[in-house]
Amino acid sequence: MKIASLETFCTEFVGFVRVRTDEGAEGWGQVSTYNADITVLIVHRQIAPWALGADALDIDSLVDLIPEREHKFPGSYLRRAIAGLDTALWDLRGKLEGKSVCELLGGTPRPIRVYASSMKRDITPEDEAERLVRLRDEFGYDAFKFRVASECGHDVDEWPGRSEAIVPAVRKALGDDATLLVDANSGYSPDRAIEIGRMLEDNGVRHFEEPCPYWELDQTRQVTDALDLDVTGGEQDCDLTIWRRMVDMRAVDVVQPDVCYLGGLTRTLRVAKMAADASLPCTPHCANLSMVTLFTMHLMGAIPNAGSYVEFSIEGPDYYPWQDGLFRQSPFAIADGKVTIPDGPGWGVEIDPGWLAEAQHQISELD
């Protein structure tokens with residue numbers, strides 16, 4: 001069964017990929033969000049030449065071949081484009097076998113716990129605490145992540161004292177039973193991260209994400225070694241060599257690959273296996289309600305070292321106006337703080353035809 005065509009449907013923010021075979025089978029995937037219109041150009045120029053005519057069911061070989069053939073382009077955009085092909089092929093395989101991707105991986109579709117993930121830094125501690133309480137009461141969340149530091153902030157907070165104020169404010173509002181996580185987005189030097197980390201520990205925070213510049217693994221390891229709470233990271237990393245180093249040196253306590261940033265499900269499974277072999281849990285990054293959260297749900301329903309929860313963005317149209325209307329029926333309903341892995345074939349969702357009709361369309365076909 002050969003890949004006969006690759007189609008993309010995109011806006012600036014979201015890009016879906018449809019793979020069709022010479023036997024008429026098809027599958028849907030997604031390139032990484034953000035600058036998706038740039039990424040789909042790479043799909044057609046640097047992915048399609050190697051994918052068209054290839055065996056549609058030999059995903060591993062194809063995912064390895066493309067970076068070798070495009071070895072002069074080792075960076076993020078190529079991986080973001082490979083993710084579209086890879087995830088579409090997993091969907092195709094699931095539809096051929098009549099199984100969800102979760103089942104293909106050996107898992108069982110079921111409700112799984114999520115943590116309510118805030119993306120905002122311009123929100124006051126009081127307002128953040130208030131909205132997390134409101135969401136807890138409405139949807140049953142019992143785990144919450146919010147932002148500290150300033151993104152790549154060089155020890156300068158979003159405004160003076162915000163981090164020190166928001167942590168106790170959220171803890172007080174949600175009570176002792178809530179699981180709290182924070183994300184620093186590369187905001188601190190090791191000394192400042194350790195200082196903040198002590199404050200986090202005093203407030204019962206369990207997860208300290210990306211405390212130092214993510215590319216400085218030695219800095220992150222200093223923080224990991226100094227603190228008792230879980231230091232986590234890896235969302236930005238798309239190079240498997242860096243991942244091996246990160247795991248081998250135990251720079252973090254929990255690995256957080258992003259299925260779309262890393263280059264698809266196949267490569268993410270390899271990172272999860274590295275982590276499992278080192279007895280490290282895997283709690284992937286999935287910070288919006290495009291297909292990346294769906295991919296992560298299927299993954300987390302199957303891997304043996306899945307962390308305690310799946311990231312679930314709480315931001316709506318005011319923050320992500322582009323994530324509405326993507327699916328004919330949303331797969332992201334929350335009940336009792338859990339989301340249910342779809343049990344339909346492949347990813348178990350259908351892209352909304354109206355969205356596709358309005359998107360920019362391109363196709364590459366086998367001669």
Side-chain angles (χ1 to χ4, degrees), residues 1-8 10 15-19 21 27 29-93 213-218 233-249 251 255-275 277-278 282 284-285 292 295 299 362-367:
M1 182 180 292
K2 305 298 184 183
I3 297 173
S5 67
L6 282 177
E7 290 177 86
T8 58
C10 81
F16 295 118
V17 176
R18 177 164 60 189
V19 171
T21 73
Q30 183 191 302
V31 300
S32 179
T33 49
Y34 307 112
N35 292 333
D37 52 342
I38 297 175
T39 305
V40 300
L41 293 176
I42 296 168
V43 170
H44 293 286
R45 186 169 297 179
Q46 295 182 271
I47 305 297
W50 313 113
L52 293 173
D55 184 347
L57 299 180
D58 192 359
I59 305 173
D60 274 272
S61 294
L62 193 50
V63 166
D64 286 339
L65 173 70
I66 293 168
E68 291 179 357
R69 293 293 182 264
E70 299 290 336
H71 65 275
K72 293 186 181 294
F73 299 89
S76 175
Y77 268 110
L78 186 69
R79 275 67 185 172
R80 288 168 179 246
I82 292 172
L85 171 66
D86 171 274
T87 53
L89 291 175
W90 277 100
D91 186 57
L92 182 149
R93 181 182 161 193
Y214 72 85
W215 54 93
E216 298 286 2
L217 293 181
D218 291 328
E235 71 177 75
Q236 316 292 355
D237 293 290
C238 63
D239 186 325
L240 295 180
T241 302
I242 292 175
W243 272 107
R244 281 192 290 271
R245 180 170 175 245
M246 187 189 308
V247 170
D248 288 347
M249 70 186 291
V255 301
Q256 293 187 279
D258 182 296
V259 174
C260 287
Y261 295 169
L262 181 55
L265 182 66
T266 304
R267 288 166 60 87
T268 306
L269 286 166
R270 294 176 187 177
V271 168
K273 177 65 163 55
M274 290 180 202
D277 290 345
C282 179
H285 172 265
V292 65
F295 302 153
L299 173 76
Q362 297 177 74
I363 184 168
S364 294
E365 297 178 281
L366 189 64
D367 290 341

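Count residues from 1 along the sequence. Values reported hereafter were calculated over all heavy atoms of this structure, with side chains retained and with hydrogens, waters and symmetry mates removed.
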Gap between atom [atom2] of [Y] and atom [atom1] of [X] - 0.5 Å precision:
X      : Y     : atom1 : atom2 : value
Leu62  : Asp55 : CG    : CG    : 9.0 Å
Leu366 : Leu6  : CG    : CG    : 10.5 Å
Leu57  : Trp90 : CG    : CH2   : 10.5 Å
Leu89  : Arg93 : CG    : CZ    : 11.0 Å
Leu41  : Ile47 : CG    : CD1   : 12.0 Å
Asp37  : Asn35 : CG    : CG    : 6.0 Å

Side-chain touch [X]/[Y], heavy atoms, less than 4.5 angstrom:
X      : Y      : result
Met249 : Asp218 : yes
Leu262 : Leu240 : yes
Ser32  : Tyr261 : yes
Thr268 : Leu299 : yes
Arg267 : Asp86  : no
Phe295 : Leu265 : no

Does any N or O in the side chain of [X] come within less than 3.5 Å of the main-chain N or O of [Y], such that one atom is a donor and the other an acceptor?
X     : Y     : result
Arg80 : Ile42 : no
Thr87 : Gln30 : yes
Asp91 : Gly29 : no

If every non-hydrogen atom of [X] is compared with every non-hydrogen atom of [Y], which pair is closest and at what distance?
X      : Y      : value
Ile66  : Trp50  : CG1-CB, 4.0 Å
Ala88  : Val17  : CB-O, 3.8 Å
Gly233 : Trp243 : O-CH2, 4.0 Å
Pro67  : Ile82  : CG-CD1, 3.9 Å
Ala272 : Cys282 : CB-SG, 4.2 Å
Val31  : Ala36  : CG2-CB, 4.2 Å

Open item on the list: Check this for me, if you would: do Arg270 and Asp64 make a salt bridge, where the nitrogen-to-carboxylate-oxygen distance has to be below 4.0 angstrom?
Closed with: yes

